[in-house]
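I have placed the structure first, in the form of structure tokens, so that the comments after it can refer back to it.
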Amino acid sequence: MGDNAGAEPYNTGPKVAQTHMANGLDAKVNGSGAPRKAPSNGTAAPPATVGPETDGALDGMALANLSFVEDLYFQFLSDPNSVDPTWRRTFQGLNGNGGNGAGAAAQVPPAAFKRSIFAGAGAGAAAHASVGVTGNRISVRLLSERVQRLVEGYRELGHLTAELDPLGLVRRKLPPIALPDFGLADEDLDLVFSSENVAGPDRTTLRDLVGLLRETYSRTIGVELAHLHDVELRSWLQSRMEATRNRLVLTRADRLQILDQVIGAEVLEQFLQNKFLGYKRFSLEGAESLIPMLERLIERAARSNVVEIVIGMAHRGRLNVLANVLHKPAAEIFAEFQDKVDPNDPSSGGDVKYHLGFSIDRTFGNVGSSAGDAATHRVHVSLAFNPSHLEWVNTVVQGRVRAKQDRVVDTSRTRCLPLLIHGDAAFAGQGIVAEGLNMSELDGYRVGGTVHIIVNNQVGFTTSPRDAKSTTYATDVARMLQIPIFHVNGEDPEAVAQVVDLAVDFRQRFHRDAIIELWCYRKLGHNEGDEPSYTQPVMYRTIAGKPSIRMAYLAYDAANPAPGGEAPITVEDTDAIAAAKRNALEAQLEIATKAKDPPRPSTFAGAWARIKGGPDSKVPEVPTAATPEEIQEVTRAIATMPSDFHVHPKLKTVVVDGRAAMGAGDKPIDWGMGEALAFGTLLAEGTRVRLSGQDARRGTFSHRHSVLVDYSDGHEYTPLAHIRDKQGTFEVRDSPLSEASVLGFDYGYSLDMPDGLTIWEAQFGDFVNAAQVIIDQFLCSSEAKWHRVSGLVMLLPHGMEGQGPEHSNARLDRFLNLCVNDNMQVCNLTTPAQYFHALRRQVLRPYRKPLIIMSPKSLLRSPAATSALADFTSGSFRHVIPDTEPGAQRPGESARDPKKVKRVVLCTGKVYYDLVATREERGYDDVAIVRVEQLYPLRKDDLLEILSVYADGTPVVWVQEEPKNMGAWAYMNRELQGLLAGSFHWSCVSRPLSASPATGSMKRHASEQARIMADAFGKGP
Ligand SMILES: Cc1ncc(C[n+]2csc(CCOP(=O)(O)OP(=O)(O)O)c2C)c(N)n1
């Protein structure tokens, strides 16, 4: 390009302040929305109505304003009278042209700049003047816009041209970005542009600009920003990346450290391969960069005030992470391979080694590294246990982190970091990923940002990406969030380190997720016994010919010496490191071989020290009644509104005044008040209460109203948060419409909130099946698999009320089927007082087991299903409620003489009230009705004792509303058949076997219900 290029820069974007632009130029033109630097020369374009002070004003005017002047000039050319007279005079004076500006002479614009498309006398030729709006020349505006589009092109599409695939097999979506695509040409390369919209120097040649952009956006890091419409986020990321060309300057020592970590990963896999041939280990080979990546991430986080990191990850590379990042003694891992367990030991039923968790304190010393400052930082790192079901641990980890943050009152949520490591196929395939991402910005579920690493080894088991996803990247689902997505070539450990820094810094600054996709490969089959070339022969031929990551990095080091002039790292250096690591592993293997007992997972440490799991019978019941004073205090909080609060008129009567009367003993206590008293008394005693679920704040059935909304201005008031000064935190959250991710989150929360009451509520119990994985893989089995107990409460509205198949049945049968070894507690309660005592028992008893409650719907408003105030200030939870006991009867019901009883009905939950009503109505006085309130663990002795007052041979009938293949019958029959045989005649009354849980016809429902009542009492309809 021209010989005086470089003297004055062309704009890469308008520099002028937006408010000064009468010509519609605004941030949209520059496309990025990035804030522009203030014009360094202090000039701003004059408003269109303001002309130059002198005719010579164009001389020396900054190029920043040139396009503005150019616009005016074109306007002048078509109609000289349309511009301000002072501008008109200036333009008329150009090139000695005193005319009206029309004609060829006037097409030669002023020589305001040394290099200008106003290429008049003395200015030299215009920048390749063959294109442009006026036909034979290009305008400054157009050229600078083209350059700006080029900049935006790199920012938005650069990732599609980046070299991400270490195998070089993936055909990228775009050929390299080329100047002609943006109306630019090679001869423009030496033109100087203002680059103030790009980090770095203010002026640069197009050549340097392209170099910067290429390095930043198209080298071995691809970054997706185009989906960010938040200007601040985008510009922060752009300037961080462009200012460094997306590179870190690493010293020789840094490089040696990375190599040490890569070698650690490599040697462990090879060692396991040699010593435990044929065992599954889900090798990390091909993705060894994950280890330096995690090391840097942890260090960087620790140096940015993070004190705790919880990692969730699947099988791939997990042993390597355990050994090389969590520093789990290799001897323990080897011992797990050696499988020295006693098969008769009950604790030997745990999980496979590549699902186990571990935790450690890591300290990063005061020798400053490229990851941060020079101080010492300590961080506790946990790898969460994990079931085989890929991705389902995600929200469990996030829930745990949320609880940790809440426990230490980390309100900025920056001190504890969730880190999730995913596989590419799983991240793209499992819907729970999207559910979890959707929760990340919600107040009830935010954790200050999760860092996600997707280990993209370009294959899922044997399935190729083309069969696994419809998207460009495995990460595309994450584009739903205002977060950056970094793609990085795993063969470039320095690029990996750079994106780690960006991701951690972004998370710490903006408290949002960040995604890193680590492009790598899987050196072996899905597991080490699989032959991968059956299905991916081409890929595996390429892999066979590849040097290891270690060798690739050594070659890079040789070709790109680290600053400081030290000698490059040699193969011999790394061989020595590898040999030392092998020797250390040999020593650990010897320890493992000599050890007699298998390693035992730790449990009940720290915050869990006073808590127990195990058998129910070993932990005594505790008093759960509240004092009358506590009840009054809670009632006062519920019934007292701030003076400026306008309660909805209907709620004033029903909730505020109604509950005041209940608390005063003037009205029987209903379910909503019973729950509020349970929450309130626990809160007053200092317990944290968290309840989350769909529409949980009001309650699906409008019975809770835990958060009131001001009738005039919509502000909110939560009465239970105002009981007393030093009370527990009350958190009740309307959840997003997801069962799986939210239940996972709240389960995770319960794992790290041992002293709290944590509750998840289903909208209708039926929908709990959408979270079945969490129930099967975590809730009911985590103690058996991982020695981790949870006190989570699940409220599952349940009851046959003619509302059809999906609004009736929480599938009690499924839960009871999963019950064994006291792994859960399953209740179907009949009174508000029972509910009150069950909730309080869940916290006050130092015993943590999930509590599944079949909760009521119609009973919420049933006058029959109420309790007296005295039931809250005395008594405790009752597993079974007999018919004979005074007080067990409802008002108007007389205590039955057992000797006169001809039939005993056993039942659980809501059907009890139908039975009682029928008995009253029909006068079936010789029938006793016994309620089983807690189905599991079942107090069989209590039950037998209750039944013992009845004569031998009395029919004992299990009555349930559910179809015979559902509800509790199969379970109760299994538990009681043998015990009752010989003493009683044992049978079942239920709806018939059915594929569907309930009928959609109200008429049919009523007729079925009538049949059940008739059969229950052994009478005709
Ligand atoms: C929900 C679920 N479905 C299927 C599987 C079986 N499975 C185990 S690993 C795997 C492949 C996963 O591929 P990817 O996510 O890419 O991880 P990689 O193993 O390649 O690291 C599959 C299908 C599983 N564990 N979980």
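Here the structure is a predicted model, which means the values were calculated and not measured. Every number for a ligand or one of its atoms is a count from 1 in the order of the listing. Counting begins at 1 with the first residue of the sequence.
Taking a cutoff of 4.0 Å between a charged side-chain nitrogen and a carboxylate oxygen, Glu269 and Lys523 do not qualify as a salt bridge. Between Asp752 and Arg402 no salt bridge is recorded (no basic side-chain N to carboxylate O distance below 4.0 Å). Taking the charged nitrogens against the carboxylate oxygens, Glu299 and Arg362 have no contact shorter than 4.0 Å, which rules out a salt bridge. Comment: Asp492 engages Arg219 in a salt bridge, judged by a side-chain N to carboxylate O separation of less than 4.0 angstrom. The existence of a salt bridge linking Glu266 and Lys581 is excluded, since no basic side-chain nitrogen approaches an acidic carboxylate oxygen closer than 4.0 Å.
Here's the thing with Ala426: one of its N/O atoms is less than 3.5 angstrom from an N/O atom of ligand 1. Taking only nitrogen or oxygen atoms, main chain and side chain alike, Ala425 reaches within less than 3.5 Å of ligand 1. Any N or O atom pair closer than 3.5 Å counts here, and Ser388 shares at least one such pair with ligand 1. At a 3.5 angstrom cut-off on N or O pairs, Leu390 counts as close to ligand 1.
Using a 4.0 angstrom heavy-atom cutoff, His422 does not count as in contact with ligand 1. In this structure, His389 has a heavy atom closer than 4.0 Å to ligand 1.
Between Glu528 and Tyr279 the shortest side-chain heavy-atom distance does not fall below 4.5 Å. Contact annotation: the side chain of Ile291 approaches that of Val321 to within less than 4.5 Å [non-hydrogen atoms, C-beta and beyond].
Glu308 and His380 form no side-chain donor-acceptor contact under 3.5 Å, judged by distance and modelled atom types alone. For Thr758 and Ser750, the side-chain atoms include no donor-acceptor pair closer than 3.5 Å.
If you check which protein heavy atom lies closest to atom 17 (O) of ligand 1, you get Gly423 CA, 3.6 Å. Atom 19 (O) of ligand 1 has as its closest protein heavy atom Arg316 NH2, 3.1 Å. The protein heavy-atom contact nearest to atom 9 (S) of ligand 1 is His526 CE1, 3.0 Å. Here the heavy atom of the protein found nearest to atom 23 (C) of ligand 1 is Phe461 CD1, 4.0 Å. Remark: minimum distance from atom 13 (O) of ligand 1 to any protein heavy atom is reached at Gly460 CA, 3.3 Å.
With a 4.0 Å cut-off on non-hydrogen atoms, Asp424 touches ligand 1 through its backbone as well as its side chain. Counting heavy atoms under 4.0 Å from ligand 1, residue His315 touches it through the side chain alone. At a 4.0 Å heavy-atom cut-off, ligand 1 does not touch Arg522 at all. In Val455, neither the side chain nor the backbone holds a heavy atom less than 4.0 Å from any atom of ligand 1. Only side-chain heavy atoms of Gln430 come within less than 4.0 Å of ligand 1; its backbone N, CA, C and O stay farther off.
Remark: atom 1 (C) of ligand 1 lies closer than 4.0 Å to at least one protein heavy atom. Shown here, atom 6 (C) of ligand 1 is out of close reach of the protein: none of its heavy atoms lies under 4.0 Å off.
Distances below 4.0 Å separate heavy atoms of Asn457 from the following atoms of ligand 1: 18 (P), 20 (O), 21 (O).
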List the steps, then state whether side chain to side chain donor-acceptor pair (under 3.5 Å) holds for Thr542 with Tyr521. CA-CA 10 Å; Thr542 309; Tyr521 55 92; over 6 Å; no
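Ring-plane geometry between Tyr749 and Phe745 is classed as parallel, the angle between the planes falling under 30 degrees on a 0 to 90 degree scale with a further cut at 60.
Residues Ser283 and Glu285 approach most closely at OG-OE1, 2.6 Å, considering heavy atoms.
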